[in-house]
Amino acid sequence: MVADRRAGAVELSLGRRGGWTTVGVAGELTLTGTAALEEHLARAMAGQSPPQVVVDVGAMTFCDSSGLNVLLHARKQILGLCGRLVLARPTDRVTRILRTTGLDRVFDVRDALPA
């Protein structure tokens with residue numbers, strides 16, 4: 001797994017777990033970190049066909065609307081390639097954000113990383 005601290009308040013990482021490419025998100029995902037997240041997700045999608053991407057949000061403490069939009073856009077791209085996008089290990093706070101926005105019914109949300 002490779003960590004990237006360039007994004008300011010958010011720390012991103014990219015790795016592999018089984019047949020999945022993992023994108024780890026730690027800290028607060030706001031507008032200042034979205035470009036770096038887009039880069040990580042693009043690399044994750046380019047790594048396999050069809051893409052199997054898990055975004056590990058277990059250490060994410062906050063996500064604003066710009067971060068949610070990046071995740072939604074990535075989901076649309078991945079589904080268009082017949083792939084899968086999973087959000088894994090959301091904290092209580094992130095779970096509340098997903099429920100409040102109705103995105104808990106849009107994303108495949110799991111309590112654990114896929115095997």
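These figures come from a predicted structure and were not determined experimentally. For reference, positions follow the sequence shown, starting with 1.
Within the 4.5 Å cutoff, the side chain of Glu28 has no heavy atoms near those of the Val10 side chain. Counting only heavy atoms from C-beta outward, the side chains of His73 and Asn69 never approach each other to under 4.5 Å. Contact check for Leu68 versus Ile97: side-chain heavy atoms found under the 4.5 Å cut-off. Residues Leu37 and Leu12 have side chains in contact (heavy-atom distance under 4.5 Å, counting atoms from C-beta outward). Side-chain contact check for Thr21 versus Gln52: every heavy-atom pair is 4.5 Å or farther apart. Looking at heavy atoms from C-beta onward, Arg16 lies in side-chain contact with Gln48 at the 4.5 angstrom threshold. Side-chain contact check for Phe62 versus Leu29: every heavy-atom pair is 4.5 Å or farther apart. Here the side chains of Leu103 and Leu71 are not in contact, with every heavy-atom distance at 4.5 Å or above.
Summarising the geometry of Thr34 relative to Gly67, their closest heavy-atom pair is CG2-N, 3.8 Å, with the distance given to 0.1 Å. The shortest heavy-atom contact between Ser66 and Asp64 is OG-OD1, 2.5 Å. Residues Val57 and Pro90 come closest through the heavy atom pair CG2-CA, 3.6 Å. When all heavy atoms of Ala88 and Ala112 are compared, the closest pair comes out as CB-O, 3.8 Å.
Cluster membership check: Val106 shares its hydrophobic cluster with Val70, using side-chain heavy-atom separations under 4.5 Å among Ile, Leu, Val, Met, Phe, Trp and Tyr.
Lys76 NZ to Ile78 CD1: the interatomic distance, rounded to the nearest 0.5 Å, is 13.5 Å. How far OG of Ser13 is from NE2 of His40: 6.5 Å, rounded to the nearest 0.5 Å. Atom CD of Gln77 and atom CG of Leu72 lie 11.5 Å apart (nearest 0.5 Å). One finds the OG1 atom of Thr95 at 6.0 Å from the CG atom of Asp92 (value rounded to the nearest 0.5 Å). Here the CG-CE distance, from Leu85 to Met45, works out to 8.5 Å after rounding to the nearest 0.5 Å.
Residue Val86 is found in a hydrophobic cluster whose other members, listed by chain and number, are Trp20, Val54, Leu113; membership requires side-chain heavy atoms under 4.5 Å apart, directly or through intermediates.
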Would you check, one step at a time, whether the test side-chain contact (heavy atoms from CB on, under 4.5 Å) holds for Thr61 with Thr91? CA-CA 7 Å; Thr61 57; Thr91 61; over 6 Å; no

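The salt bridge (Lys or Arg N to Asp or Glu O under 4.0 Å) contacts involving residues 103-115 comprise Asp108-Arg110, where partners must be two or more places apart or lie in separate chains.
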